[in-house]
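Side chains included, hydrogens not; waters and symmetry mates left out as well; all remaining heavy atoms used. Since we're looking at a predicted model, the values are computed, not measured.
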Amino acid sequence: MSTRTARLEIQGMSCANCSQSVTDAVEALDGVTEAAVNFATDEGTVTYDPSAVSIAEIYDAIEAAGYHARRETVSIGIADMTCANCAATNEEALELVPGVIDAEANYATDEAQVAYNPAAVSRETLYETVEEAGYTPIRGEGDDESEQDRRDAARNEEIRKQLRLTLFGAILSVPFLFFLTDRFLLGGTVFPDELFGFEFEWVGFLLATPVQFVLGRPFYVNSYKAIVKNGRANMDVLIALGSSTAYVYSVAVLLGLVAGETYFDTAALILVFITLGNYLEARSKGQAGDALRKLLEMEAETATVVREDGSEEDVPLEDVVVGDRLKVRPGEKIPTDGVVVDGQSAVDESMITGESVPVEKSDGDEVVGSTINENGVLTVEATKVGGDTALQQIVRTVKDAQARQPEIQNLADRISAYFVPAVIANALFWGTVWFFFPQPLAGFVDWLPLWGQVAGGPAVAGGTISVFEFAIVVFASAVLIACPCALGLATPAATMVGTTIGAQNGVLFKGGDILERAKDVDTVVFDKTGTLTEGEMELTDVVVFDGDGAPAADGGDPATDGGQLEAQHRRSEDDVLALAAAAESGSEHPLAQAIVDGARARGLDIDEPDAFENVPGHGIQATVGGREILVGNRKLLRDAGIDPEPAAETMERLENEGKTAMLVAIDGDLRGVVADADTVKESAKTAVAALHERAVDVMMLTGDNERTARAVAEQVGIDPENVRAEVLPEDKSDAVEAIQDEGRTAMMVGDGVNDAPALAVAHVGTAIGSGTDVAIEAADVTLMRDDPVDVVKAIRISDATLQKIKQNLVWALGYNTTLIPLASLGLLQPVLAAGAMAFSSVSVLSNSLLFRRYTPDEEYRLLYRWR
């Protein structure tokens, strides 16, 4: 048994017991022989058998114990990948590096996402690993933008290189097109047998040889690396086999070693068509990533910093630091994320949230870097700079999502793993069969209309070419017609566009697997406050009770009593409200803040509480000026021995109005009821209706009482039976699990903070209205706006992306399963097979690029759909 020892940096430990908990958790894994964790140094060493347990499982065990082992994630640009097999080769090579936790390579984006232990492996080691696998890493340290610049430069250079090769090959191959036209369409009557004293076979040799060794060189080099270094055949092997077979056979005929015709035209045109396909493919890949690059290009280049003496200075954006005050004039881009400290204006945030209507900003409001100040002058204090800004986080989130592919990609990966060897074996089999058993096969396919036309005549049934020559043609065609590229591109190309569409509309998916998962949601569970409602509570009612617990009279007739009773009642309301507000001033809950703000609006003095205790899910109890105050629900008063029944009618009336009513008890007596109300978002009803149109059930979870919850549900169109009220924050995750235990596939939608446990257990957790806080660990989907309609958009984007993936896969699989048998039966010329192969991968990319036109404001319509 070979063992490894890994050194880990462990965070979150606060005592020796913590280190022992980590030790126990790790040593419980099969394959771990020893673990030692030091609380003083925040480090640990683990000795383990890599064949029995992976470093990823060790990390998972530490996190399951409640701690965190330091890891870093790097995105490595990789040049020279030509198919999904290349991506798999890089993945396997990187995952074998000690200290690498996980690696995912993406052929469509030409990069690999690698999570690794920085205490055990360096970036340079990862770069070297990619090189040893036969590929070219795009090196360099720096911020995300400069790294993206390097990748763009590498991709642009690849595009230019493929264009140069295509033009070079095309110039030398143009004469072949005339020869082919004369041979097949004009019966060989136009061109003589010789040109300038040279036989046409030698002219073909002189034209095809530079093409073979210039355009063919990358395929030969990559084939050597794939087979010799990695023991894995890839697409380059197929191309090298097909083109070299035609070329070597033609040279043998030219030298008189075998009898037959030359195929120099075929050998050259194969490489020209494939190289042209590579050029178009490289261009398409670049276009697929244009949206993200345009986002980065929208960053301001400079900022106007206001110094302490009031002077202004224009500085490069990279010189802005947190705390700087920036002046933003009308029409200018806001340089970085910040808070408005002076001024008022409307800001166009469409590039971040997808919302076309400018948002009003004033003192205390957050602004996002790269958004555009429409009118007034703003002074903004920078709160996030560089890679911490919302824009950079969005780009990083989308790129991470593109690296994590949907489960449907596993189908393509499984096929691709065996595809190239199977194609070579098939070509060898049919080439051999045609050579040894030509007559039976000729009789079998003689009825096909293409027989004798495309393949150059029924050679084995009395045609003009030999059996051996025909077997060579079949072999070359069967090798060249297969296209693993189309399979490899089908999923990542569509995923790349889908995640970008999401980002452009303020919907961020954590991974391609989440993008796939969201379409299967059949139940959406909304948190109420801040999700379906505005989340800004206002004090609406203060009801005072007399000493018997009945509602106090609301005043007499001012004409007869001089308004004394009305003033007395008003003073009684103020007394109860002032005490309730003083008690609630110790709480940060929105309901409490609404009471405090309402009391201040009436001009009441609010004392500081002498003692304060929050009773989660029920209310608060406090001491104010020596008086015992309770503010909360019925259970809070019952637990204190106070009967809430006299307030039942008042509570029911207020709750039926959609208000949150709270009982107020003073010194053991029921003294009143205060009520807050939250406004339902205008778009909530639209969102619920759109979900119902998709046959998605909509449910609501809230800590509010049953009546208030049902009143809100009625306003937005949720079935009262689908309301779960009076659910404590810590019980929301249990409620979501119970819903899913009914066989539902649930999406939980909440604010991403209080609802984190529920978001984590849901099939898809969605954090709504996250603003600049786009990196929410618990959420699978992050919505940049406070709009429930974006939940519908997220599901639509998911559904549309999966439809596009399935289109691509149907085309890729259909192309291969249809044309490989035709080539195997000798019904395709190798040059036509090469052209079809190049067209296949380009068509998949083109189909994915067309998807960029989709907007999730409506359902994605297809001529055919899968469910």
Side-chain angles (χ1 to χ4, degrees), residues 339-344 360-366 528-530 533-545 551-552 554-555 563 565-616 618-633 636-637 647 650-651 654-655 657-667 669-681 703-705 708 751 754 786:
V339 176
V340 176
V341 294
D342 186 42
Q344 185 172 351
E360 292 294 328
K361 300 289 183 179
S362 58
D363 289 5
D365 288 336
E366 291 184 346
K528 179 178 77 69
T529 305
T533 65
E534 296 291 351
E536 297 177 1
M537 307 297 292
E538 293 183 359
L539 179 70
T540 58
D541 297 86
V542 179
V543 180
V544 179
F545 292 90
D554 58 1
L565 288 176
E566 183 177 357
Q568 181 180 351
H569 179 74
R570 177 69 180 181
R571 284 195 299 274
S572 179
E573 275 189 7
D574 288 349
D575 290 342
V576 170
L577 179 57
L579 287 171
E584 291 280 21
S585 64
S587 171
E588 296 181 356
H589 196 283
L591 293 173
Q593 291 301 307
I595 294 171
V596 173
D597 292 343
R600 285 179 178 151
R602 294 192 182 192
L604 303 180
D605 294 328
I606 301 175
D607 298 329
E608 289 292 326
D610 302 318
F612 173 85
E613 181 183 351
N614 180 46
V615 183
H618 301 302
I620 59 98
Q621 55 187 32
T623 303
V624 179
R627 308 187 74 176
E628 297 294 329
I629 313 296
L630 296 176
V631 183
N633 60 18
L636 180 71
L637 266 65
T650 301
M651 295 282 284
L654 294 171
E655 290 167 356
E657 294 172 2
K659 300 172 182 177
T660 300
M662 292 156 282
L663 299 162
V664 180
I666 302 173
D667 292 332
D669 294 325
L670 175 63
R671 293 295 303 276
V673 175
V674 292
D676 294 344
D678 188 5
T679 306
V680 172
K681 291 179 180 177
D704 239 337
N705 62 77
T708 301
D751 61 14
N754 296 329
D786 290 317

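Considering only heavy atoms from C-beta on, Lys361 stays 4.5 Å or farther from Gln344 through its side chain. Looking only at side-chain heavy atoms (C-beta outward), Val674 and Val664 come within less than 4.5 Å of each other.
The CG atom of Leu670 lies 6.5 Å from the CG atom of Leu637; values are rounded to the nearest 0.5 Å. One distance of note links CD of Glu584 with CG of Leu579; it measures 12.0 Å at 0.5 Å rounding. Note: Asn633 CG to Thr660 OG1 = 11.0 Å, rounded to the nearest 0.5 Å. Annotation: the span from Ile606 atom CD1 to Leu604 atom CG amounts to 7.0 Å, rounded to 0.5 Å. Taking CG of Asp541 as the start and CG of Leu577 as the end, the distance is 11.5 Å to the nearest 0.5 Å. Note that OG1 of Thr623 is 8.0 Å distant from CD1 of Ile629, once rounded to the nearest 0.5 Å.
Considering all non-hydrogen atoms of both residues, Val542 and Glu573 come closest at O-OE2, 3.3 Å. For Ala675 against Leu654, the heavy-atom pair with the smallest separation is CB-CD1, 3.9 Å. The two residues Gly626 and Asp610 come nearest to each other via the heavy atoms N-OD2, 3.5 Å. Among all heavy-atom pairs drawn from Ala582 and Pro609, the shortest one is O-CD, 3.5 Å. The two atoms that bring Arg671 and Val576 nearest to each other are O-CG2, 4.1 Å, heavy atoms only. Across every non-hydrogen atom of Gly598 and Leu539, the tightest pair is CA-CD2, 3.8 Å.
Around atom CD of Glu538, no more than 12 heavy atoms belonging to other residues, nucleotides or ligands sit under 6.0 Å away.
The only member of Leu636, Ile620, Leu630, Val631 that meets side-chain contact (heavy atoms from CB on, under 4.5 Å) when paired with Met662 is Val631.
In terms of modelled atom types and a separation under 3.5 Å, the side chain of Asp597 and the main chain of Ala594 share no donor-acceptor contact.
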